[in-house]
Chemist: 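Would you mind keeping the following structure in view while I ask a few things?
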Amino acid sequence: MLISDFNIQWNKCLTALRKELQETFFNTYIRDLKPVDISADTVVFEVPQKFLIDTIESKYYPLIRKTIIDVTGMEFRLHFYLTGEYKAKEVPAVKETREKPAYSSYLSDKYTFDSFVVGDSNRFAYSAAKAVAAKPGKSFNPLFIYGSSGLGKTHMLHAIGNEIAANFTGKKVLYVSSETFITEFINAIENKKMDAFKNKYRKVDVLLMDDIQFLSNKEALQNEFFYTFNSLYELGKQIVVTSDRPPNEVSILEERIRTRFQCGLIVDIQSPDFETKIAILNKKSSEKDVELSDEVLSYISRHTGSNVRELEGIINYILMFKNQESDVSDSSAGRPTINVVKDALRHLESNTQEVTPKIIIDVISRYYNVSVDDILSGKRNKEIVFPRQVAMYFCRILTDYSYPEIAEVFKGKNHTTIMHGVNKITDTASIDSELRSTLEELKNTIISA
């Protein structure tokens, strides 16, 4: 069988697997598997995130293999590789010994593209960052990344820097927080070392600056950043900055600086949806050598916020409880039970309860002053359709309900109607900062209801 023929069969397998699994887990582990090679008895798949491979092989291998056998009538073994690594494993690459640069880039090798969990909330920003790392100074220059605290902006900056440093050994890469930039600027003035300060920042090939919004109401600092920006930009050097809001909402930035950012690409990182939170938790737990069941993953995702650092902290809590308890594991040996997780998260439960579609619809009804009956009805008035779509959106990201299950909540509407509503709100929020703020407010109200 040719790989092109198998791909046709694989589409049938995906349809069958979607019926067997909760949509959350199907989307996280199965949907993006890509068949890339086939032999008489083996199928090779590429997996977009390395940390997913262990879970796929340990939890889903039997089901995937059985489905393929049922559909194709052929006995196959399955192998999984990180995207792009399969051919490399056939012809092992020669590792080069690279000298460390004589300067400090202040990059942390902990943060790479491989360790960054990609989901719908950050996919566009991730793609832009990868493009910049592949062609620094040529793709999207400058790149402006914005989003709330704890969503991965700093991780992405370091990932860009590490990728460039690995593939362009002659380029000088510098990561700096705005706080460090401010401190060094003040010290340079006090110690009359402005020339050294300017040389440090204007003679790099890639400047990565974190949290630029903190250059607030500091005219001298903004002037220095402006001249540094211009110097690097005119020489074709790559500039990437992050902020907690888009340039036009950072009122403290001078117009001439905001204009410079608009010459490049502005992207945002949004709060992770339910599936992405599960993927993040899986990755963080794998790093800590803690295996979590699907039930536990769903529970944590429903009972926590969207801050990635918070999710990592929760894994640490669970690990602490797991190490302290003698009888904490289920029959899978070593996996914390749901009761252990509830104990570990007790400090969160005092303020939250399980989010249900009823809670969501009640909150949306009060906020938009639309009755629950109207939200669940088939009425097409604009003042009803929009709140209805917002309710669908939150049912999708704050619960583990599948699209068909959400459709049943909304009086048996077709699941494609639910998908359209969720996508409509997601797409609009990506370009409408006011809606993003409203959604964040509503989310906090729903979680604390």
Side-chain angles (χ1 to χ4, degrees), residues 11-33 60 63 67 119-121 123 270-279 294-295 297-303 306 353-430 432 435-436 438-440 442-443 445-447 449:
N11 286 331
K12 297 178 182 177
C13 293
L14 287 175
T15 300
L17 287 165
R18 186 185 293 273
K19 295 177 181 177
E20 292 289 329
L21 297 168
Q22 286 187 28
E23 188 148 357
T24 295
F25 300 108
F26 174 85
N27 290 340
T28 302
Y29 299 106
I30 308 297
R31 181 184 62 185
D32 294 327
L33 292 178
Y60 299 107
L63 177 61
T67 304
D120 291 340
S121 59
R123 195 179 307 279
Q270 300 175 28
S271 299
D273 56 21
F274 187 81
E275 289 91 344
T276 306
K277 285 175 68 176
I278 285 181
D294 291 346
E295 179 188 18
L297 289 170
S298 294
Y299 182 87
I300 297 173
S301 294
R302 288 197 304 270
H303 288 76
S306 300
Q353 61 176 325
E354 181 177 353
V355 175
T356 64
K358 182 181 185 306
I359 291 173
I360 291 169
I361 294 168
D362 284 345
V363 170
I364 300 303
S365 170
R366 292 194 301 271
Y367 185 88
Y368 287 102
N369 196 26
V370 176
S371 72
V372 171
D373 287 342
D374 280 343
I375 289 178
L376 297 177
S377 73
K379 295 179 180 179
R380 303 300 301 163
N381 315 48
K382 183 178 180 180
E383 62 271 17
I384 295 174
V385 170
F386 185 77
R388 182 186 296 140
Q389 290 176 334
V390 171
M392 292 173 176
Y393 167 81
F394 280 117
C395 284
R396 180 62 181 153
I397 70 167
L398 295 181
T399 78
D400 58 356
Y401 277 51
S402 66
Y403 284 117
E405 288 170 335
I406 297 172
E408 287 302 311
V409 171
F410 285 84
K411 302 295 185 181
K413 290 181 174 59
N414 191 289
H415 75 278
T416 57
T417 301
I418 307 299
M419 293 176 67
H420 171 75
V422 173
N423 291 336
K424 178 70 174 178
I425 298 302
T426 301
D427 293 343
T428 304
S430 68
D432 186 337
L435 176 58
R436 283 199 301 275
T438 299
L439 293 177
E440 191 66 25
L442 282 168
K443 184 178 73 173
T445 302
I446 292 167
I447 290 173

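Not measured: the values here are computed from a predicted model.
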Chemist: Considering all heavy atoms of both residues, which atom of Ala391 and which atom of Ile375 are nearest to each other, and what is their separation?
Modeler: CB-CG2, 4.4 Å

Chemist: Can you name the nearest heavy-atom pair linking Lys411 to Leu376, along with the distance?
Modeler: CG-O, 2.9 Å

Chemist: Which atoms form the tightest heavy-atom contact between Lys413 and Ala407, and what is the distance?
Modeler: O-CB, 2.7 Å

Chemist: Using a cut-off of 6.0 Å, state whether more than 12 heavy atoms not belonging to Asn11 lie near its atom CG.
Modeler: yes

Chemist: Of all heavy-atom pairs between Ser298 and Ile278, which one has the smallest distance, and what is that distance?
Modeler: OG-CD1, 4.4 Å

Chemist: Would you say Arg388's side chain and Asp374's backbone share a donor-acceptor pair under 3.5 angstrom?
Modeler: yes

Chemist: Mind checking the CD1-CD1 spacing from Ile446 to Ile397? Nearest 0.5 Å is all I need.
Modeler: 8.0 Å

Chemist: Any heavy-atom pair between the side chains of Asp273 and Ser121 that's under 4.5 Å?
Modeler: no

Chemist: With side-chain contact (heavy atoms from CB on, under 4.5 Å) as the test, would you mind laying out the steps for Leu63 and Ile30 before giving the verdict?
Modeler: CA-CA 11 Å; Leu63 177 61; Ile30 308 297; over 6 Å; no

Chemist: Run Arg380 and Val385 through side-chain contact (heavy atoms from CB on, under 4.5 Å) and show every step you take.
Modeler: CA-CA 6 Å; Arg380 303 300 301 163; Val385 170; 4.1 Å; yes

Chemist: Looking only at non-hydrogen atoms, find the nearest pair between Asp120 and Thr276 and report the distance.
Modeler: N-OG1, 4.0 Å

Chemist: Between atom NZ of Lys277 and atom CG of Leu398, what is the distance when rounded to the nearest 0.5 Å?
Modeler: 7.5 Å

Chemist: Going through the checks in order, is the side-chain contact (heavy atoms from CB on, under 4.5 Å) test met by Glu383 and Val370?
Modeler: CA-CA 8 Å; Glu383 62 271 17; Val370 176; 5.6 Å; no

Chemist: Any idea which heavy atoms bring Val422 and Arg396 closest together, and the distance?
Modeler: CG2-CB, 3.9 Å

Chemist: For the atom pair OH (Tyr367) and CG (Leu442), what is the distance rounded to the nearest 0.5 Å?
Modeler: 5.5 Å

Chemist: So do Thr399 and Phe274 actually touch side chain to side chain, heavy atoms under 4.5 Å?
Modeler: no

Chemist: Which of these passes side-chain contact (heavy atoms from CB on, under 4.5 Å) with Phe26: Glu20, Lys19, Arg31?
Modeler: Arg31

Chemist: Do Thr417 and Asn414 pair up side chain to side chain, a donor and an acceptor below 3.5 Å, judged on atom types alone?
Modeler: no

Chemist: Please test Tyr368 against Val390 for side-chain contact (heavy atoms from CB on, under 4.5 Å), starting from the C-alpha separation and ending with a verdict.
Modeler: CA-CA 10 Å; Tyr368 287 102; Val390 171; 4.0 Å; yes

Chemist: Nearest 0.5 angstrom please: Tyr60 OH to Leu21 CG, how far?
Modeler: 6.0 Å

Chemist: How long is the straight-line distance from OH of Tyr401 back to OG1 of Thr356, given to the nearest 0.5 Å?
Modeler: 7.0 Å

Chemist: Going by heavy atoms in the side chains, are Phe394 and Ile425 under 4.5 Å from each other?
Modeler: no

Chemist: Can you tell me how far NZ of Lys424 sits from CE of Met392, rounded to the nearest 0.5 angstrom?
Modeler: 13.5 Å

Chemist: Do NZ/NE/NH1/NH2 and the carboxylate oxygens of Asp362 and Arg366 come within less than 4.0 Å?
Modeler: no

